[in-house]
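Structure, as structure tokens:
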Amino acid sequence: MDKRVDKMWSQTKIEQFQKALLEWYDQEGRDLPWRQDHDPYHVMVSEIMLQQTQVQTVIPYYHNFIAKFPTVAALAAAPEAEVLKAWEGLGYYSRARNLQTAAKQVVQDYDGVWPQTAAELQKLQGIGPYTAGAIASIAFGEPVPAVDGNAFRVFARLFKIDADIAQPKSRGIFADVIQQVMPKDRPGDFNQAIMDLGSTYMRAKDPDPAHSPVAAFDQSYLDDVVLDYPVKTKKAKPVVKHYFALGIHSEAGWLFVQRPSTGMLGDLWMFPLINQDDLPESALEAEAIESASAQFAEESGLTLEFANAGAPLVKHTFTHQQWQMTLLTAETPTTTLKYLPARWVPVDQLDSLTLPTVQKKLLAALGLEQK
DNA sequence: CAGGCGTGGAG
DNA sequence: TCTCCAAGCCT
């Protein structure tokens with residue numbers, strides 16, 4: 001029985017809440033790079049970067065990205081490889097490709113004139129209900145909620161809403177409440193104030209509700225049950241996968257292959273990987289690996305060795321998977337590429353490719369980290 | 001709808 | 001070392 005909110009505030013209380021929140025925001029709101037103006041392009045880039053990513057991580061990426069792609073037209077016209085390079089290390093790489101697709105949509109489908117409502121903005125690739133609400137309210141003043149993790153947490157506590165925020169159907173409950181309490185004349189500031197509140201006094205860990213500017217409106221605080229909210233079911237643990245990672249070297253450099261556009265680390269470059277869990281039980285020795293590696297270079301018969309005279313296990317944990325990789329190396333006399341997309345890359349040009357963090361760990365295990 | 005999709009920081 | 005994240009979206 002996920003009940004709706006049983007005690008909505010009076011109009012008077014709503015106005016008092018708005019006043020307390022916005023006066024605090026005007027005084028104490030964070031001065032962030034993307035708050036210099038309300039340019040929809042700036043708002044879009046920052047909001048996409050901020051998805052599942054902390055503010056302090058985003059700031060340097062944002063500066064670099066805007067410097068490199070100053071306008072929506074510049075982003076639309078850029079080579080995809082440059083966009084991915086600007087995203088390197090930020091994670092969730094489909095965001096970068098979707099962001100460029102959205103830029104192309106604005107330029108081509110809308111002739112460079114931004115759609116100005118959340119409903120229209122949500123048609124852009126990579127822009128869902130939250131981001132559409134954020135852009136529409138901040139850049140265009142549309143009175144629509146922007147329901148992100150902060151808004152879920154803040155309003156779950158304010159109203160003691162016990163709907164599970166991990167379930168998509170809960171979004172509407174929160175959106176309805178927010179719609180009722182947001183001021184129609186400052187929707188963008190209101191949504192941003194909620195985010196600031198959710199990252200300070202009403203943060204997930206170690207909150208300080210007593211000193212919140214809206215403490216008097218916080219029912220979870222008044223009832224001393226703050227940490228019971230929001231209600232959120234837990235995610236599954238990462239599945240462990242075992243790989244052989246092949247460091248194949250020639251006079252032309254190291255062999256890299258580009259990952260498929262769909263799925264994990266799409267379009268990024270890595271050493272060839274062989275899924276150890278797929279190999280027959282009897283084939284865990286170098287012979288099996290060698291035969292599998294032949295698909296990546298013209299010449300088979302490579303002699304693979306455990307890197308660094310051992311069996312280094314490189315570990316990397318993603319949201320849903322943990323990779324445990326045994327790093328093997330081989331020297332080959334040929335520089336022919338049998339299957340594309342693949343490239344030989346000299347050590348001094350490693351930074352010309354977009355490499356995921358897991359690949360950087362493999363390079364580090366070979367003593368080849370850059371910078 | 002449930003599951004896939006990265007990373008670095010904090011406790 | 002381990003857990004849980006932090007301004008979600010796509011299929």
Side-chain angles (χ1 to χ4, degrees), chain A residues 29-30 32-35 42-62 84 87-99 101-102 121-135 137-138 145-155 164-171 174-175 178 188 190-200 202-207 227 230 232-241 259-268 270 315-323 354-361:
Chain A
R30 291 173 294 180
L32 300 168
W34 44 88
R35 289 183 178 173
H42 294 164
V43 177
M44 175 172 74
V45 171
S46 65
E47 291 298 342
I48 300 294
M49 286 186 169
L50 286 161
Q51 289 169 8
Q52 304 290 284
T53 309
Q54 297 189 7
V55 167
Q56 99 182 33
T57 301
V58 165
I59 288 175
Y61 281 91
Y62 177 80
L84 277 177
W87 211 269
E88 183 178 55
L90 199 51
Y92 286 141
Y93 297 95
S94 65
R95 291 184 296 174
R97 285 172 301 161
N98 288 341
L99 176 58
T101 300
L121 286 161
Q122 208 172 323
K123 294 179 181 175
L124 301 178
Q125 187 69 28
I127 295 187
Y130 161 70
T131 307
I135 299 174
S137 63
I138 297 170
V147 192
D148 69 337
N150 286 306
F152 276 125
R153 183 171 56 259
V154 166
F155 285 96
D164 181 0
I165 66 169
Q167 302 215 325
K169 64 179 180 182
S170 298
R171 167 177 297 277
F174 288 84
I178 297 169
F190 177 87
N191 285 332
Q192 292 183 94
I194 294 297
M195 295 179 214
D196 282 14
L197 196 55
S199 64
T200 56
M202 298 184 73
R203 70 183 78 93
K205 295 177 182 176
D206 190 30
L227 294 182
K232 185 179 183 182
T233 55
K234 296 176 181 176
K235 298 172 184 172
K237 292 181 180 177
V239 176
V240 177
K241 299 196 172 192
R259 297 179 59 83
S261 293
T262 57
M264 292 272 293
L265 310 174
D267 286 350
L268 274 59
M270 284 197 71
K315 290 189 192 176
H316 187 77
T317 303
F318 302 94
T319 306
H320 294 289
Q321 297 178 16
Q322 182 185 67
W323 289 3
T354 301
L355 309 178
T357 297
V358 61
Q359 176 60 50
K360 295 189 182 236
K361 286 186 182 178

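Chain letters run A, B, ... following the sequence lines, proteins first and then strands; every chain starts at 1.
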- Message: Once you apply a heavy-atom cut-off of 4.0 Å, does A:Leu32 come out as touching a base, just sugar-phosphate, or nothing?
- Response: base

Checklist entry - Taking N and O atoms by type only, does the side chain of A:Thr357 place a donor or acceptor under 3.5 Å from a partner on the base of B:dG8? => result no

Here the distance between atom C1' of B:dG4 and atom CD of A:Gln52, to the nearest Å, is 12 Å

Would you measure the distance from the C1' atom in C:dG8 across to the matching atom in B:dC1 and give it in whole Å? 16 Å

Interatomic distance, OG@A:Ser94 vs CG@A:Leu84, rounded to 0.5 Å, equals 10.0 Å

*asked:* Under 4.0 Å, heavy atoms only, any strand: does A:Thr131 hit a base, just the sugar-phosphate, or nothing?
replied: sugar-phosphate

**Asked** Hey, does the side chain of A:His320 come within less than 4.0 Å of B:dG6's phosphate (OP1/OP2), counting only N and O?
**Response** no

When rounded to whole Å, the NZ to P distance for the pair A:Lys360 and B:dG6 reads 15 Å

ask   = With a 4.0 Å cut-off on heavy atoms, is A:Trp34 in touch with a base, just the backbone sugar-phosphate, or nothing at all?
value = base

Would you check if the distance from the ring center of A:Phe174 to the ring center of A:Phe152 is below 6.0 Å? yes

Taken to the nearest whole Å, NZ/A:Lys315 to C1'/B:dT7 is 18 Å

Closest heavy-atom pair, A:Ala204 versus A:Pro207, reported as atoms and distance to 0.1 Å, is O-CD, 4.1 Å

A:Asn98 CG to B:dG4 P, in whole Å, measures 19 Å

Here the distance between atom P of B:dG6 and atom CD of A:Gln51, to the nearest Å, is 13 Å

(message) Looking at A:Gln321, I'd like to know whether one of its side-chain N or O atoms comes within less than 4.0 Å of OP1 or OP2 on B:dC5.
(response) yes

A:Leu50 CG to B:dG8 P, in whole Å, measures 16 Å

Check your understanding: Looking for any heavy atom pair under 4.0 Å, which part of the strands does A:Arg259 touch: base, sugar-phosphate only, or nothing?
Key -> nothing

_Mutual orientation of the aromatic rings belonging to A:Trp323 and A:Phe318 [parallel < 30°, tilted 30-60°, perpendicular > 60°]_ = perpendicular

Is it the case that the side chains of A:Arg35 and A:Gln192 hold a donor-acceptor pair, with the cut-off being a distance below 3.5 Å and no angle test?
yes

Query raised in the report: Will you find, in the side chains of A:Glu47 and A:Tyr130, an N or O donor that is under 3.5 Å from an N or O acceptor?
Result: yes

Under 4.0 Å, heavy atoms only, any strand: does A:Gln125 hit a base, just the sugar-phosphate, or nothing? sugar-phosphate

- request: For A:Val58, answer base if it contacts any base atom (sugar-phosphate contacts may also be present), sugar-phosphate if it contacts only those atoms, and nothing otherwise; contact means non-hydrogen atoms under 4.0 Å.
  value: nothing

Counting any heavy atom closer than 4.0 Å, what does A:Gly266 reach on the DNA or RNA strands: base, sugar-phosphate only, or nothing? nothing

Under a 4.0 Å heavy-atom criterion, DNA chain C is touched by chain A from C:dT3 to C:dC10

message: What contact category does A:Arg203 fall into here, base, sugar-phosphate, or nothing, at under 4.0 angstrom with non-hydrogen atoms?
response: nothing

Is it the case that A:Asn150 and A:Arg153 place a side-chain donor and acceptor less than 3.5 Å from each other?
-> yes

- [ ] Determine yes or no for a side-chain-to-main-chain donor-acceptor pair under 3.5 angstrom, with A:Asp164 supplying the side chain and A:Thr233 the backbone.
- [x] yes

Rounded to whole Å, CD of A:Gln167 lies from P of B:dG3 at a distance of 11 Å

Residues A:Thr101 and A:Gln125: closest non-hydrogen pair is CG2-CB, 3.7 Å

Classify A:Met264 by what it touches in the nucleic acid, base, sugar-phosphate, or nothing, heavy-atom distance under 4.0 Å. sugar-phosphate

From OH of A:Tyr92 across to P of B:dG8 the rounded distance in Å is 13 Å

Hits for ring-ring contact (aromatic ring centres under 6.0 Å, His included) against A:Tyr61, two or more places apart or cross-chain, chain-then-number order -> none

*Give A:Ile48 one of three labels, base, sugar-phosphate or nothing, depending on what nucleic acid heavy atoms sit under 4.0 Å from its own.*
nothing

Review item, nucleotides 9-11 of chain B N/O atoms under 3.5 Å of protein N/O:
none

